[in-house]
Amino acid sequence: MKVLVACEESQRVCIAFRNKGHEAYSCDIEFCSGDKPEWHIWADVEPLLNGRCSFRTCDGQLHTLEGPWDLILAFPPCTYLSTAGAANLYKDGKLDEERINAGQQAADFFLKIYYADCPKICIENPVPMSRFNLPQRTQEVQPYMFGVPVSKCTYLWLKGLPFLCPTKVVKSTYTFNNYPLFKNSYGKYRQKNRSKTFTEVAEAMALSWG
């Protein structure tokens with residue numbers, strides 16, 4: 001399959017699908033941290049969503065896709081969509097219009113992925129605020145369903161795909177914030193580190209859908 005992994009700089013999902021023999025590419029406006037620049041598109045993903053496009057990977061190679069992608073997996077930014085940020089909607093007792101507008105732009109981007117010309121789509125995001133009227137999610141998953149002892153409810157929006165199959169259900173020992181990998185994460189890289197897909201979940205995606 002030709003697979004586009006949108007909004008992924010870690011390349012964990014991309015690499016999991018490559019390991020299954022698929023022609024997968026990660027795409028993000030940031031350079032990749034997965035050490036596979038030959039599989040990374042350092043660009044805005046929107047022009048690529050419907051396929052029928054040409055693009056260069058970070059090694060300079062030009063690639064051409066004649067038709068639509070066979071599969072899109074997307075991890076769009078959730079800062080302004082997630083219920084975790086609901087408390088920040090008000091500033092000095094009034095709705096923060098700037099934040100509302102940023103949330104609507106994020107919702108519009110989400111929908112461009114959701115309605116892309118592709119037969120199989122998965123979008124992953126935390127629980128969104130209802131005010132942005134995103135489509136009904138398909139599945140709820142937790143890291144502890146895939147061998148990571150963490151509770152963090154995540155939604156999947158699936159089109160043309162079966163449910164993501166749990167691979168190793170373990171006891172949930174930590175909340176996301178208390179997990180040792182994240183609780184000591186500070187500074188400008190904190191959000192990036194916390195947004196990376198767990199390797200175990202990436203491998204489960206490749207196993208279920210690859």
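For the single chain, residues carry numbers from 1 onward in sequence order.
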What distance do [X] atom [atom1] and [Y] atom [atom2] have between them, rounded to the nearest 0.5 Å?
{"X": "Cys118", "Y": "Ile113", "atom1": "SG", "atom2": "CD1", "result": "11.5 Å"}
{"X": "Ile41", "Y": "Ile29", "atom1": "CD1", "atom2": "CD1", "result": "14.0 Å"}
{"X": "Phe109", "Y": "Cys7", "atom1": "CZ", "atom2": "SG", "result": "4.0 Å"}
{"X": "Glu38", "Y": "Cys32", "atom1": "CD", "atom2": "SG", "result": "8.0 Å"}
{"X": "Met1", "Y": "Lys20", "atom1": "CE", "atom2": "NZ", "result": "11.0 Å"}
{"X": "Tyr155", "Y": "Cys78", "atom1": "OH", "atom2": "SG", "result": "13.5 Å"}

Practice task
Report yes if the side chains of Thr154 and Arg137 come closer than 4.5 Å at any heavy-atom pair, otherwise no.
Solution key: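 A side-chain contact is absent here, since even the closest heavy-atom pair is not under 4.5 Å.
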Exercise for the section: State, with a plain yes or no, whether a side-chain heavy atom of Gln104 is found less than 4.5 Å away from one of Phe132. Expected result: yes
Practice task
Establish, from distance only, whether the side-chain atoms of Ser151 and Thr175 form a donor-acceptor pair under 3.5 Å.
Solution key: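 No donor-acceptor contact under 3.5 Å links the two side chains.
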Problem - Side-chain donor-acceptor contact under 3.5 Å, Glu97 with Asn101 - result: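 Checked: Glu97/Asn101 side chains show no N/O donor-acceptor pair below 3.5 Å.
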Heavy atoms of other groups near [X] [atom1], more than 12 under 6.0 Å:
{"X": "Tyr174", "atom1": "OH", "value": "no"}
{"X": "Ile100", "atom1": "CD1", "value": "yes"}
{"X": "Lys2", "atom1": "NZ", "value": "no"}

Exercise for the section: Mark yes or no for whether Asn125, through its side chain, and Pro76, through its backbone, hold a donor-acceptor pair below 3.5 Å. Expected result: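 Yes: the side chain of Asn125 pairs with the backbone of Pro76.
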Handout entry: Sidechain-backbone polar pair: His22 side chain, Val3 backbone, donor-acceptor under 3.5 Å
Key = no
If you look at every heavy atom in [X] and [Y], which pair is closest and at what distance?
{"X": "Glu66", "Y": "Arg52", "answer": "O-CG, 3.4 Å"}
{"X": "Lys152", "Y": "Gln142", "answer": "N-OE1, 2.5 Å"}
{"X": "Cys122", "Y": "Leu156", "answer": "SG-CD2, 4.1 Å"}

Problem - Phe55 ring center near Tyr25 ring center (under 6.0 Å) - result: yes
Practice task
State which residues pass side chain to side chain contact (heavy atoms under 4.5 Å, CB included) with Gln61; sequence neighbours excluded, sorted by chain then number.
Solution key: Thr57, Asp59, His63
Handout entry: Salt bridge present between Glu203 and Arg12 (N-O < 4.0 angstrom)
Key =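 Salt bridge: no.
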Handout entry: Result of checking Thr83, Leu134, Asn133 against Pro128 for side-chain contact (heavy atoms from CB on, under 4.5 Å)
Key =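 Of the listed options, the one satisfying the test is Leu134.
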Practice task
Could you check Glu9, Glu8, Gln11 and say which one makes a side-chain hydrogen bond (donor to acceptor under 3.5 Å, both in side chains) with Lys196?
Solution key: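 In the set Glu9, Glu8, Gln11, the residue that makes a side-chain hydrogen bond (donor to acceptor under 3.5 Å, both in side chains) with Lys196 is Glu9.
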Exercise for the section: Mind telling me whether Phe110 and Tyr114 have parallel, tilted or perpendicular rings, with 30° and 60° as the class edges? Expected result: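 It falls in the parallel class, under 30°.
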Problem - ILVMFWY cluster, Leu4 and Tyr115 together (side-chain gap under 4.5 Å) - result: yes
